Undergrad: 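Handing you this structure, nothing more for now.
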Amino acid sequence: MPELPEVETVARQLGPELEGREIERLEVLDERWSRPVPPERLAAAVSGRTIIGLGRRGKYLLLGLDGGQTLVMHLRMTGNLVLVEGEEKLDPSEGMRLYEGERSASERFMRARFELDDGRQVWFTDPRRFGEAFLIDDDQLPTRFAAIGVEPLSPDFTPEELGAQAQGRTAPLKSFLLDQARIAGVGNIYADEALFRARLHPLSPAGSMKPEHHLALRDAVVDALEAGLTHGGASIDDYRDGRGEKGEMQNEFLVHTREGEPCPACGGPIARIVVSGRSTYFCPSRQTRLRKRPRRRPSRRAT
DNA sequence: CGCGCAACCTGTCTGC
DNA sequence: TGCAGACAGGTTGCGC
């Protein structure tokens, strides 16, 4: 689920709500969440701390705490971070099957719970249990994220930077966009959407782009991510924002999950292929493959 | 070194 | 109805 627009949406919503609040108690219910640190140890380290703010780096959420430390969280595939005002009000995993005696599916999937000093709670829910969290000294953050690539919504994300990252890459453009070490925060949804906007074929080698393509792809990545932000993120299935609400971006997809539907630009059918294990949607007639060398004009036989 | 893929998990949906 | 298989927003480690 959560790619840059979804994580950013949560950070923007919850940041102002959490800033200045004290975490009276953190309860860690799943040892996988804090692994390899024992749940009770992470809980004890975070309990009693005051929140400075909530930020984002790539797809990571950064909960700044007093004392010069940050709780880094990653939602992975199905994680949600939701502010809960009344226990019964919100169900971040609404739509999931309820078993007997359960008030909400969220409770079953709760991995951690923050109790704030104003009586509200923040739940980290995650059915697939891929989500994780760790506490880190602030001065270690640059080192920890040194291998994460450029932030695509920052001024540093220029066509030249994108070109430098793509230089010499033989991997398909789809894989290139998913590589967090090059561009941070793009995932399966927005990679498809960006390639469609740039009219680039997902299987074209990243290194085959020319400067005009660097510019087109830079703009397309930015536009796709901003569309996601504008519509509050994409809720294909599990994603909920910081208030437990679905996003609307899934209704705005140009190609992602739209196999067989008409291309919004030409009307031809959207195709689905698998690229390095990920479902990939594109318009075969508009997203043409780049050639390593210009095709020779067919020579006419002299008559 | 770069790249593709299996593995990590749990749940839902589809087809036989 | 039951059941096997495919598939799901991400990341990591391993083999080639």
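What you see is a predicted model; the values in this text were computed from it and never measured. Just so we're on the same page: letters track the sequence lines, and every chain starts at 1.
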Undergrad: Rounded to the nearest angstrom, tell me the gap between atom OH in Tyr239(A) and atom C1' in dA8(C).
TA: 17 Å
Undergrad: Specify the separation, in whole Å, of atom CD1 of Ile236(A) and atom P of dT12(B).
TA: 17 Å
Undergrad: May I ask you to decide whether Asp30(A) forms a salt bridge with Arg129(A), counting only side-chain N to carboxylate O separations under 4.0 Å?
TA: yes
Undergrad: Does anything in residues 40-59 of chain A form a side-chain hydrogen bond (donor to acceptor under 3.5 Å, both in side chains)? List the pairs, not counting sequence neighbours.
TA: Glu8(A)-Arg56(A), Arg49(A)-Asp66(A), Arg49(A)-Gln69(A), Arg56(A)-Glu151(A), Arg57(A)-Glu151(A)
Undergrad: Tell me whether Arg111(A) contacts the main-chain N or O of Trp33(A) through its side chain, where contact means a donor paired with an acceptor under 3.5 Å.
TA: no
Undergrad: I want to verify a distance call: between dG2(B), dG4(B), dC8(B), whose nearest atom is closest to the Arg169(A) side chain?
TA: dG2(B)
Undergrad: For dG10(C), does either OP1 or OP2 sit under 4.0 Å from a side-chain N or O belonging to Gln180(A)?
TA: no
Undergrad: Using modelled atom types only, decide if a donor and an acceptor are shared between the side chain of Arg113(A) and the backbone of Glu27(A) within a distance under 3.5 Å.
TA: no
Undergrad: Using a heavy-atom cut-off of under 4.0 Å over every strand shown, decide if Pro5(A) touches base, sugar-phosphate, or nothing.
TA: nothing
Undergrad: Arg32(A) side chain: which of dC8(B), dT11(C), dC7(C) is closest?
TA: dC8(B)
Undergrad: Look at the side chain of Tyr60(A) and decide which nucleotide, out of dG10(C), dT12(C), dC8(B), has an atom nearest to it.
TA: dT12(C)
Undergrad: Taking Tyr281(A) as the fixed residue, which of Arg258(A), Glu259(A), Glu193(A) is the one that meets the side-chain contact (heavy atoms from CB on, under 4.5 Å) rule?
TA: Glu259(A)
Undergrad: Do Tyr190(A) and Glu6(A) have side-chain atoms, one donor and one acceptor, less than 3.5 Å apart?
TA: yes
Undergrad: For the side chain of Thr170(A), starting at C-beta, report the closest nucleotide among dC3(B), dC9(B), dG11(B).
TA: dC3(B)
Undergrad: Provide the distance between the two P atoms, one in dA6(B) and one in dG5(C), to the nearest whole Å.
TA: 16 Å
Undergrad: Rounded to the nearest angstrom, tell me the gap between atom CD in Glu6(A) and atom P in dA8(C).
TA: 16 Å
Undergrad: Would you say dG10(C) has OP1 or OP2 under 4.0 Å from some side-chain N or O of Arg278(A)?
TA: yes
Undergrad: For Leu178(A) and for Arg128(A), find the nucleotide of DNA chain C with the closest heavy atom, then tell me which residue's nucleotide is more 5'.
TA: Arg128(A)
Undergrad: Rounded to whole angstrom, note down the C1' distance from dC3(C) over to dC8(B).
TA: 24 Å
Undergrad: Arg108(A) side chain N/O closer than 4.0 Å to the phosphate oxygens (OP1, OP2) of dG11(B)?
TA: yes
Undergrad: So, Ser279(A) and Arg272(A): side-chain donor and acceptor under 3.5 Å apart, yes or no?
TA: yes
Undergrad: Calculate the interatomic distance between Glu259(A) atom CD and dC7(C) atom C1'; express it in whole Å.
TA: 13 Å
Undergrad: Would you kindly say whether Glu248(A) and Asn251(A) are connected by a side-chain donor-acceptor distance under 3.5 Å?
TA: yes
Undergrad: Grab the CZ-P distance between Arg129(A) and dT10(B) for me, whole Å please.
TA: 5 Å
Undergrad: Phe109(A) CZ to dT10(B) P: how many Å, rounded?
TA: 10 Å
Undergrad: Taking the side chain of Ser276(A) as its heavy atoms from C-beta onward, which of dT11(C), dC9(B), dG4(B) lies nearest to it?
TA: dG4(B)
Undergrad: Check the distance between dA8(C)'s C1' and Asp192(A)'s CG and give it to me in whole angstrom.
TA: 14 Å
Undergrad: Sticking with atom P, work out how far dG11(B) lies from dT11(C), rounded to a whole angstrom.
TA: 22 Å
Undergrad: Mind checking Ser279(A) for me? I need base, sugar-phosphate or nothing, with any heavy atom below 4.0 Å counting as a touch.
TA: sugar-phosphate
Undergrad: Quick one: His74(A) NE2 to dT11(C) P, roughly how many Å, whole number?
TA: 4 Å
Undergrad: Just to be sure I follow the notation: if a pair is Watson-Crick (purine N1 to pyrimidine N3 plus N6-O4 or O6-N4) or a G-U wobble (N1-O2 and O6-N3), each under 3.5 Å, what dot-bracket string does DNA chain B give, with | for pairs to another strand?
TA: .|||||||.|||||||
Undergrad: As a test of reading the structure: which of dG4(B), dC9(B), dA8(C) is closest to the side chain of Ala171(A), going by heavy atoms?
TA: dG4(B)
